[in-house]
Amino acid sequence: MKRLIVLLSAVMILVTGCSAVKLDTADIGKNIKNLLSKKVDLYNVHFDGYKYYVPKGLKFLHKEEYNASFIDKYNNKYYLYVDAIGYYHKSDLKYNVENDIHYSNLLKFNKKDGYIRIEEIDNKFYIQFVFNYAKMEAYVKEEELSTVITNMCYVLRTIKFNDAVLESLVGENVLSYKEENFTLFNTTDSKDVYLQAAEDGYVEEEKDVFEDDDFDIDIDEDVFDE
């Protein structure tokens, strides 16, 4: 067991059928490609109109129909927003790669679009990760970037919408929206809202969410093979 833990802490092996992919903790783009390019049918969270999978490494702080917050073992907070209206109207993704921040890239895997931007702010890193009409945000230390981005990939790659249910919800005006304009996310506004909420104390500390044995192996056991 000790040998297994040491091995997994050094390199994680993603298993899909008989193939294995090694994840490089120093290469953000390579890791995202390896994770998002895999088709994974795992779901443990279900709402009207969509579903997704939350890996073992995350626990809910708050959840509702179109947004949620999570926490990991490092006490990092993750925020998830699902744009069901944008998906329903197949809104175009608008994002230009930024060359003056830590990392920025457009994403396209399995006919799903997105982008990731990582900006250094006050010696920490603010992540905005958009994929398949959903967005995750977090503000983390540099040494935790790889783990946080991997967790985000696990969630975002599994989001699956139910067209029939969304058609019914929109038709019955259960989902409210404006007719004239649909945009997925505003990068600048989202960052300002997130960081202001953190400064105002909205991002609260959760010291006792995890038990000590929750993270014997820091991987999603449904996705990774021993």
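Quick caveat: nothing in here was measured; it's all calculated off a predicted structure.
- Annotation: the span from Ile127 atom CD1 to Asn76 atom CG amounts to 8.0 Å, rounded to 0.5 Å.
- In this structure, Lys90 satisfies the cation-pi test against Tyr87, with its NZ or CZ atom closer than 6.0 Å to the six-membered ring centre and inside 45 degrees of the ring normal.
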Does the pair Leu156 and Asn132 meet the rule for a side chain to side chain contact (heavy atoms under 4.5 Å, CB included), with working shown?
CA-CA 7 Å; Leu156 293 174; Asn132 191 29; over 6 Å; no

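- No more than 12 heavy atoms of other residues, nucleotides or ligands lie within 6.0 Å of CD in Glu142, so this atom counts as exposed by the packing criterion.
- Side-chain rings of Phe70 and Phe60 approach one another, their centers coming within less than 6.0 Å.
- Sparse packing is recorded around NZ of Lys33, with 12 or fewer heavy atoms of other residues, nucleotides or ligands lying under 6.0 Å away.
- Judged purely by atom type and a 3.5 angstrom limit, Asp72 has no side-chain atom pairing as donor or acceptor with the backbone of Gly57.
- The closest donor-acceptor contact from the side chain of Tyr133 to the backbone of Ser91 lies under 3.5 Å.
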Begin from the C-alpha positions of Phe131 and Phe109 and carry the test side chain to side chain contact (heavy atoms under 4.5 Å, CB included) through to its verdict.
CA-CA 9 Å; Phe131 191 66; Phe109 300 99; 4.1 Å; yes

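- Nearest approach of Val155 to Val54, heavy atoms of both residues: CG2-CA, 4.4 Å.
- Here the CG atom belonging to Asp48 is positioned 6.5 Å from the OH atom belonging to Tyr66, to the nearest 0.5 angstrom.
- Considering CE of Met152 and CZ of Arg157, their distance stands at 15.0 Å, rounded to 0.5 Å.
- Taking the six-membered ring where tryptophan is involved, the planes of Tyr52 and Phe47 are tilted, since the angle between them lies from 30° to 60°.
- Counting heavy-atom neighbours within 6.0 Å of Asn96 CG, excluding the residue itself, gives a total of 12 or less.
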Apply side chain to side chain contact (heavy atoms under 4.5 Å, CB included) to residues Tyr139 and Ile121 and explain how you reach the verdict.
CA-CA 9 Å; Tyr139 184 52; Ile121 302 174; 4.0 Å; yes

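- Listed here is the closest heavy atom pair of Ile116 and Tyr103: CG2-CE2, 3.6 Å.
- Considering CD of Glu137 and CG of Leu80, their distance stands at 10.0 Å, rounded to 0.5 Å.
- In this structure, CG on Leu166 lies 8.0 Å from CD1 on Ile85, to the nearest 0.5 angstrom.
- Within the 4.5 Å cutoff, the side chain of Leu145 has heavy atoms near those of the His102 side chain.
- Looking at residues two or more places apart in sequence or on another chain, you find a salt bridge (Lys or Arg N to Asp or Glu O under 4.0 Å) between Lys108 and Asp113.
- Residues Tyr43 and Tyr154 do not share a hydrophobic cluster, clusters being chains of Ile/Leu/Val/Met/Phe/Trp/Tyr side chains in contact below 4.5 Å.
- Note that the CG atom of Asp100 and the CD atom of Glu119 stand 8.0 Å from one another [nearest 0.5 Å].
- Checking side-chain atoms of Lys77 against main-chain N and O of Asn75 turns up a donor-acceptor pair under 3.5 Å.
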Yes or no on side chain to side chain contact (heavy atoms under 4.5 Å, CB included) for Tyr74 and Val148, after CA distance, side-chain angles and deciding distance?
CA-CA 10 Å; Tyr74 301 109; Val148 172; 5.9 Å; no

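- Within 6.0 Å of the NZ atom in Lys124, the count of heavy atoms belonging to other residues, nucleotides or ligands exceeds 12.
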